[in-house]
There are 2 protein chains.
Amino acid sequence: MSNTIDDPKAPFVPNYLLYLLAAASEAASARFHSHVRTRGLRVPEWRVMACLTDTDGSMVTELARYAMIEQSRLTKIIIQMDARGLVTRRSDPTDGRRVRVFLTPQGRALAEELVADARAHELELLKSFQGGDGSEIKDTLRALIRHLEADQPNQPGISDSPARDAAIADS
Amino acid sequence: MSNTIDDPKAPFVPNYLLYLLAAASEAASARFHSHVRTRGLRVPEWRVMACLTDTDGSMVTELARYAMIEQSRLTKIIIQMDARGLVTRRSDPTDGRRVRVFLTPQGRALAEELVADARAHELELLKSFQGGDGSEIKDTLRALIRHLEADQPNQPGISDSPARDAAIADS
DNA sequence: AAGAATTATATGAAAATTCATGTTTTCTGG
DNA sequence: CCAGAAAACATGAATTTTCATATAATTCTT
């Protein structure tokens with residue numbers, strides 16, 4: 001199978017890496033996300049719960065990074081989850097600015113069920129996809145993520161030519 | 001590098017396929033998306049433009065699938081883009097229900113610039129990532145997408161046991 | 001060919017998200 | 001120790017998104 005990105009007749013979108021990543025993510029998540037919703041959680045809430053099973057008691061900013069949710073948005077989500085009894089918030093005794101988030105017993109029970117479901121779903125998906133445990137695709141994705149997070153400076157630039165930028169800017 | 005998903009001590013999230021896909025998608029897109037915003041478009045608008053460079057004149061529903069945007073949301077986005085002169089909408093002469101969406105000359109100019117930028121960005125990213133043209137990772141992603149879209153029925157179920165479902169449902 | 005069903009898009013209200021900024025607490029240099 | 005800077009969260013208004021459903025046009029059924 002060859003890359004068709006340079007063929008002028010080939011469509012752009014279906015061969016564009018960023019599209020393929022987004023589409024793969026969506027397609028892979030669709031079923032489980034709808035399962036999550038049947039359990040009464042929205043996807044960002046599920047993400048928070050899953051992260052807390054790993055790092056219970058983390059502060060809002062940490063959680064935001066871990067769950068890929070913007071901070072002010074996460075704050076609002078956490079407040080709702082607190083109101084629903086899924087998590088509690090305690091300010092850090094050491095640093096009064098920090099708010100640490102914990103799963104409640106009820107929240108933990110739900111989170112652990114969903115994580116178990118997620119593991120099962122993942123296993124079946126990987127088995128049916130390529131028969132393996134997914135270490136190949138996972139390693140590739142991890143490498144990509146590491147690569148992208150690594151070189152902050154001089155990341156693959158969008159436009160290296162100032163002249164071109166100017167031309168673009170006033171169109 | 002081995003898969004650590006079964007190690008009970010290993011964190012769940014960073015080894016979870018759905019997380020890795022979402023994180024890779026986000027990380028890979030971040031820079032280009034911010035470029036898109038500097039050009040005055042939001043990401044969903046960019047997606048619409050990119051899709052239209054492939055399939056100008058497609059109907060709203062087609063575009064929604066292609067751009068991975070829910071229909072009613074897309075309708076609103078398109079109305080805004082129409083107001084800004086980026087696209088036009090014409091009802092299909094053959095089937096009055098259908099609304100076909102076209103890039104305006106201005107929209108096309110911007111779209112083509114951004115597609116060129118996207119191609120350039122992608123090339124640099126792939127070169128700096130693994131030195132190649134990305135056909136490996138792309139093929140994997142395409143295969144995954146195909147696999148997921150293929151088996152609608154009996155997709156890797158979240159829970160195959162009705163008993164377990166019931167237990168989950170009333171917790 | 002009429003009525004029912006289906007398809008395509010639009011719409012409205014509720015809810016979520018974004019973005020800029022406010023508040024509080026801690027850190028830092030002098 | 002103090003002033004100013006920085007860090008961590010919270011908040012509010014504007015905008016977007018969602019979800020259910022309305023409207024309109026076509027197709028199917030009998």
Side-chain angles (χ1 to χ4, degrees), chain A residues 22 25-26 29-30 33-49 51-52 55 57-84 86-102, chain B residues 22 25-26 29-30 33-49 51-52 55 57-84 86-102:
Chain A
S25 177
E26 283 241 339
S29 302
H33 284 177
S34 90
H35 174 62
V36 163
R37 281 184 282 266
T38 68
R39 303 302 325 278
L41 293 179
R42 284 168 299 152
V43 171
E45 291 169 336
W46 149 242
R47 287 191 171 148
V48 169
M49 308 268 280
C51 290
L52 289 177
T55 63
S58 52
M59 43 185 285
V60 173
T61 305
E62 289 167 349
L63 205 49
R65 269 197 299 280
Y66 205 45
M68 305 190 294
I69 298 175
E70 187 270 333
Q71 178 265 315
S72 75
R73 182 183 167 197
L74 178 60
T75 290
K76 289 169 188 176
I77 290 169
I78 286 172
I79 289 171
Q80 291 180 328
M81 293 175 74
D82 189 346
R84 283 179 59 187
L86 297 170
V87 301
T88 48
R89 306 186 295 155
R90 307 207 287 273
S91 82
D92 188 317
T94 302
D95 184 339
R97 295 169 301 180
R98 299 181 176 177
V99 171
R100 301 209 165 266
V101 185
F102 300 85
Chain B
S25 177
E26 283 240 342
S29 302
H33 284 177
S34 91
H35 174 61
V36 163
R37 282 184 281 266
T38 68
R39 303 304 324 281
L41 293 180
R42 285 168 299 154
V43 171
E45 292 169 337
W46 149 242
R47 286 191 171 148
V48 169
M49 307 269 279
C51 290
L52 289 177
T55 62
S58 52
M59 44 185 285
V60 172
T61 304
E62 289 168 348
L63 205 49
R65 268 196 299 280
Y66 205 45
M68 305 189 295
I69 299 175
E70 187 270 333
Q71 177 265 315
S72 76
R73 182 182 167 198
L74 178 59
T75 290
K76 288 168 188 174
I77 290 169
I78 286 172
I79 289 171
Q80 290 179 328
M81 294 176 74
D82 189 346
R84 284 178 59 186
L86 297 171
V87 302
T88 48
R89 306 186 296 154
R90 306 207 289 273
S91 83
D92 187 317
T94 301
D95 184 338
R97 295 169 300 180
R98 301 181 174 177
V99 171
R100 301 209 163 266
V101 185
F102 299 85

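Note that this is a predicted model, so its numbers are computed, not measured. Just so we're on the same page: letters track the sequence lines, and every chain starts at 1.
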Would you confirm whether [X], through its side chain, and [Y], through its main-chain N or O, come within 3.5 Å as a donor-acceptor pair?
| X | Y | answer |
| --- | --- | --- |
| Thr55(A) | Leu52(A) | no |
| Arg100(B) | Gly57(B) | yes |
| Thr38(A) | His35(A) | yes |

Side chains of [X] and [Y] in contact at under 4.5 Å (non-hydrogen atoms):
| X | Y | answer |
| --- | --- | --- |
| Leu63(A) | Ile69(A) | no |
| Arg89(B) | Ile78(B) | yes |
| Gln71(A) | Val60(A) | yes |
| Arg98(A) | Asp95(A) | yes |

Nearest whole angstrom, please: distance from the [atom2] of [N] to the [atom1] of [X].
| X | N | atom1 | atom2 | result |
| --- | --- | --- | --- | --- |
| Ile78(B) | dT16(D) | CD1 | P | 15 Å |
| Leu41(B) | dT16(D) | CG | P | 13 Å |
| Arg98(B) | dT6(C) | CZ | C1' | 13 Å |
| Leu74(A) | dC19(C) | CG | C1' | 16 Å |
| Arg37(A) | dT18(D) | CZ | C1' | 11 Å |

Q: Report yes if a side-chain nitrogen or oxygen of Thr61(A) is closer than 4.0 Å to either non-bridging phosphate oxygen (OP1 or OP2) of dC9(D); otherwise report no.
A: yes
Please enumerate all protein N or O atoms sitting under 3.5 Å from an N or O of nucleotides 25-29 of chain C, with distances to 0.1 Å.
| from | atom 1 | to | atom 2 | distance (Å) |
| --- | --- | --- | --- | --- |
| dT25(C) | O3' | Gly96(A) | N | 3.3 |
| dT26(C) | OP1 | Gly96(A) | N | 2.8 |
| dT26(C) | O4' | Arg97(A) | NE | 3.4 |

Q | Over 12 foreign heavy atoms within 6.0 Å of CZ, Arg90(B) | A | no
Q. If you write DNA chain C from 5' to 3' in dot-bracket form, with Watson-Crick or G-U pairs under 3.5 Å, [ ] for crossing pairs and | for pairs with another strand, what do you get?
A. ||||||||||||||||||||||||||||||
Q. Should the pair Glu45(B)-Arg42(B) be classified as a salt bridge under the 4.0 Å nitrogen-to-oxygen rule?
A. yes
Q. Do the charged groups of Arg65(A) and Glu62(A) touch, with an N to O distance under 4.0 Å?
A. no
Q: Indicate for each nucleotide in nucleotides 10-17 of chain C, in 5' to 3' sequence, whether protein heavy atoms under 4.0 Å reach the base (B), only the sugar-phosphate (S), or nothing (-).
A: BBBB--SS
Q | Nearest atoms (heavy-atom pairs only) where Arg73(A) meets Pro44(A) | A | NH2-CG, 3.6 Å
